[in-house]
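Presented below is the structure to which this report refers.
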Amino acid sequence: MPLRKLRPVGPAFAGTAPLRFAFAARMAAPPEAVYRALADEVEAWPRWFGAVTLARPLEAEGLGGREIRLRGGLRFRETITTADEPKRYAYRVDLTNAPGVRALLEEWLLVPAGAGTVVTWTVALDAAPLAGPLLRLVRPGVAREFRRSVRTLDRRLAAG
């Protein structure tokens with residue numbers, strides 16, 4: 001399936017999107033280490049985020065971008081919209097082959113919690129009417145994948 005262009009959205013879309021999924025988990029790692037794993041170690045994402053099969057940085061205007069591929073053949077070209085180390089990292093999807101999606105932004109908020117971090121991942125999107133119910137159906141699976149991936153990342157960061 002070819003890539004198609006999505007509507008560009010800014011950081012505020014994380015709070016205003018018609019469809020939003022937010023997942024939170026606590027990590028033992030400090031926010032600085034989690035932020036580095038998210039923003040600076042892009043190519044390592046497949047080692048800890050189970051759904052990701054390829055992640056690589058791309059040069060683009062502004063803050064840069066990424067190419068992401070997921071299990072099942074989904075592909076994304078993204079632009080970084082927020083890089084506020086070590087608190088917030090967000091990116092919008094500019095091109096994708098995901099059916100029914102019209103706009104998509106993901107935001108990672110990192111809040112200190114003792115020596116660790118509370119990580120909140122928000123997936124904000126606008127989707128065609130038929131895609132919305134389908135996306136709601138997959139939400140529990142995405143939540144499980146997020147929790148599993150955060151645990152894997154925490155173990156990876158603890159191991160150095």
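All of these numbers come straight from a predicted model, not from anything done at the bench.
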Are F21 and F146 close enough that some pair of their side-chain heavy atoms sits under 4.5 Å apart? no
Going by the side chain to side chain donor-acceptor pair (under 3.5 Å) test, which pairs reach into residues 16-35, not counting sequence neighbours? none
For W48, ring-ring contact (aromatic ring centres under 6.0 Å, His included) partners two or more places apart: W45
Working to the nearest 0.5 angstrom, can you tell me the gap between E78 CD and L58 CG? 9.0 Å
Closest heavy-atom pair and its distance - L38, V42: O-CG2, 4.1 Å
Can you tell if the side chain of L19 reaches within under 4.5 Å of the side chain of L135, non-hydrogen atoms only? yes
Go through the structure and list residues passing salt bridge (charged side-chain N to carboxylate O under 4.0 Å, His left out) with R56, not counting sequence neighbours. E67
Give me the atom names and distance for the closest heavy-atom approach of R75 to N97. N-OD1, 2.7 Å
Intermediate values then yes/no, side chain to side chain contact (heavy atoms under 4.5 Å, CB included), L6 and T96: CA-CA 7 Å; L6 299 187; T96 187; 3.8 Å; yes
Sequence neighbours left out, what passes side-chain hydrogen bond (donor to acceptor under 3.5 Å, both in side chains) with R88? Give chain and number order. E107
Quick check: is V34 connected to V111 through a chain of hydrophobic side chains (ILVMFWY, heavy atoms under 4.5 Å apart)? no
Filter on ring-ring contact (aromatic ring centres under 6.0 Å, His included), then keep only pairs touching residues 66-88, sequence neighbours left out; what's left? none
Should R66 and I80 count as side-chain neighbours, where that means a heavy-atom distance under 4.5 Å? yes
Transitive ILVMFWY side-chain link V142 to L134, under 4.5 Å: no
Over all atoms of both residues, closest heavy-atom pair of L157 and A37: CD2-CB, 4.3 Å
D84 CG to Y89 OH distance, which is reported to the nearest 0.5 Å: 13.0 Å
Qualifying side chain to side chain donor-acceptor pair (under 3.5 Å) pairs with a residue from residues 130-154, counting only residues at least two apart or across chains: E145-R148, E145-S149, T152-R155
Partners of L95 by side chain to side chain contact (heavy atoms under 4.5 Å, CB included), sequence neighbours excluded? L3, K5, R77
Grouping ILVMFWY residues whenever side-chain heavy atoms fall under 4.5 Å, the cluster of V9 otherwise contains F13, L105
Could you walk me through whether L70 and T53 satisfy the side chain to side chain contact (heavy atoms under 4.5 Å, CB included) test, starting with their C-alpha distance in whole Å, then the side-chain angles of each, then the deciding distance to 0.1 Å, before giving a yes or no? CA-CA 5 Å; L70 302 181; T53 61; 5.8 Å; no
Going through the checks in order, is the side chain to side chain contact (heavy atoms under 4.5 Å, CB included) test met by L109 and K87? CA-CA 6 Å; L109 294 177; K87 301 173 190 170; over 6 Å; no
Tabulate below the donor-acceptor pairs under 3.5 Å that side-chain atoms of residues 114-131 make, not counting sequence neighbours, or state none.
from: T117; atom 1: OG1; to: A29; atom 2: O; distance (Å): 2.7
from: W121; atom 1: NE1; to: E106; atom 2: OE1; distance (Å): 3.0
from: D126; atom 1: OD2; to: R7; atom 2: NH1; distance (Å): 2.9

